[in-house]
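Accompanying notes for the structure given below.
Chain naming here is simple, since letters A, B, ... match the order of the sequence lines and numbering starts at 1 in each.
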Number of protein chains: 2
Amino acid sequence: MTGGYLKGRIRREDIITAAAAAYGELGYHGSSLREIAKRVGISHAGLLYYFPTKEALLAAVLERRDAEDSEREQLTVPPGLAVLRHFVALAEHNVRHPGIVDLYSRLAAEAVAPDHPAHEYFVRHYRAARDGVHESFAALAARGELRDGVEPALAALTFIALMDGLQVQWLTVPGDVDLVGSLRFYLQNLLTVPL
Amino acid sequence: MTGGYLKGRIRREDIITAAAAAYGELGYHGSSLREIAKRVGISHAGLLYYFPTKEALLAAVLERRDAEDSEREQLTVPPGLAVLRHFVALAEHNVRHPGIVDLYSRLAAEAVAPDHPAHEYFVRHYRAARDGVHESFAALAARGELRDGVEPALAALTFIALMDGLQVQWLTVPGDVDLVGSLRFYLQNLLTVPL
DNA sequence: CCTACCGATCGGTAGG
DNA sequence: CCTACCGATCGGTAGG
């Protein structure tokens with residue numbers, strides 16, 4: 001007599017996991033409900049019992065991604081070097097989980113279209129990422145740990161862009177790209193102190 | 001009695017133009033032959049008279065893109081600052097032609113999948129871009145125009161990645177991103193001489 | 001959760 | 001270049 005609720009919750013998680021993998025491999029538009037359902041072992045109509053529309057499933061995938069990121073990111077990290085190191089650690093994590101990188105890169109590129117269901121998500125995502133890093137660069141600048149002429153706002157914007165661009169190139173030609181080393185190189189270049 | 005050949009060639013060019021626009025807006029997989037044909041004012045079967053398969057049309061779009069890039073790029077530019085300035089000029093050109101950026105970003109993200117028909121194209125594209133920039137950074141280093149500790153190979157890789165990442169972010173939140181200014185900022189940071 | 005179905009759309013072909 | 005068509009696939013619904 002195991003609770004039916006628990007079983008349902010597990011099933012939902014399985015569906016979200018399968019959907020995230022499919023979005024990474026095939027893109028959102030390229031991932032049919034039938035394909036995702038097959039990976040879970042149910043019919044596509046059965047999937048729609050858990051998520052009423054294709055977009056609702058996408059929303060659930062993005063929500064879980066945010067929840068995972070928030071978990072890994074302890075909110076206690078103060079602006080400064082620690083935040084930058086945290087991003088390097090995130091890159092190290094990503095190298096061991098290409099599926100996550102796939103998902104993110106594919107969705108980000110699709111979602112440049114204003115009518116894409118994940119567009120607003122990425123607008124917020126970029127703003128939040130930029131603002132967080134900006135704050136850290138500003139703190140470093142105040143302590144004189146940023147090289148002369150380095151504008152915190154531009155440093156933040158280019159840092160986020162670099163991470164994204166590196167990921168796409170890494171996925172395309174994995175052997176040619178050192179994700180973590182490239183990030184370190186970039187950051188060290190802006191700092192007057194060791195990372 | 002206008003030559004039928006000329007008319008056919010113009011029609012082919014029109015189809016390629018429409019396809020490139022559609023790929024940018026909707027991605028390759030999201031662009032149906034019927035949609036592209038409608039933009040040209042013919043039936044999708046008519047389109048297949050000019051390009052026998054969907055992939056053949058994609059190949060034609062990529063070929064023309066390369067041809068245009070080669071035209072703009074005079075082959076006489078020697079490795080060094082001039083090449084970097086050329087990339088900044090390319091960014092200025094792109095800001096006025098978002099359709100090209102759309103096409104490139106969408107296809108690059110789709111084509112990380114090894115079985116995507118444009119995958120090999122992007123593998124070659126990344127290699128060529130990196131090698132070209134690498135050569136220029138190496139020349140600058142030899143002349144002492146690169147800051148200490150800047151490795152030409154990493155500088156080249158991150159430069160290409162930065163361009164790509166900036167483009168996606170610029171397409172998503174155009175008002176928040178200064179494409180050209182960000183590139184200048186990045187490059188100036190690596191150099192000991194004014195760009 | 002299932003089977004069975006809907007209308008719409010896909011790339012490609014036949015035959016002119 | 002067209003009309004007409006093919007089999008396959010799509011998201012979603014009906015009714016259990």
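Under the 4.5 Å side-chain heavy-atom criterion for grouping Ile, Leu, Val, Met, Phe, Trp and Tyr, A:I160 is not connected to A:I100 through any hydrophobic cluster.
Here the side chains of B:L58 and B:L107 are in contact, with some heavy-atom distance below 4.5 Å.
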* Structure fact -> Going 5' to 3' through nucleotides 9-16 of chain C and flagging B where a protein heavy-atom sits under 4.0 Å of the base, S where only the sugar-phosphate is that close, and - otherwise, we get -BBBB---

* Begin with the C-alpha distance, continue with both residues' side-chain angles, and end with the deciding distance and a verdict on side chain to side chain contact (heavy atoms under 4.5 Å, CB included) for A:L103 and A:V61. => CA-CA 10 Å; A:L103 166 65; A:V61 168; 4.0 Å; yes

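Looking at residues two or more places apart in sequence or on another chain, you find a ring-ring contact (aromatic ring centres under 6.0 Å, His included) between B:Y104 and B:F122, B:H125.
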Table please: side-chain donor-acceptor pairs of residues 187-195 of chain A below 3.5 Å, with sequence neighbours left out.
| from | atom 1 | to | atom 2 | distance (Å) |
| --- | --- | --- | --- | --- |
| A:Q188 | OE1 | A:L195 | N | 2.9 |
| A:Q188 | NE2 | A:V193 | O | 2.9 |
| A:N189 | OD1 | B:R147 | NH1 | 2.8 |
| A:T192 | OG1 | A:G144 | O | 3.2 |
| A:T192 | OG1 | A:E145 | O | 3.3 |

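Judged by distance alone, with hydrogens and angles left aside, the side-chain atoms of A:S136 form a donor-acceptor pair with the main-chain N or O of A:G80 at under 3.5 Å. With hydrogens and angles ignored, the 3.5 Å screen pairs a side-chain donor or acceptor of B:S31 with a backbone N or O of B:A22.
Contacts between residues 14-26 of chain A and DNA chain D, counted as heavy-atom distances below 4.0 Å, involve no residue at all.
Smallest separation of non-hydrogen atoms from B:A138 and B:P152: N-CB, 3.9 Å.
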* Asked: Where does DNA chain D pair, written as one dot-bracket string 5' to 3', with Watson-Crick or G-U pairs under 3.5 Å, ( ) inside the strand, [ ] for crossing pairs and | for another strand?
  -> ||||||||||||||||

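The pair A:R9-A:E13 does not meet the salt-bridge criterion, since no charged nitrogen lies less than 4.0 angstrom from a carboxylate oxygen.
Counting only residues at least two apart or in different chains, side-chain hydrogen bond (donor to acceptor under 3.5 Å, both in side chains) contacts with residues 19-29 of chain B comprise B:E25-B:R39.
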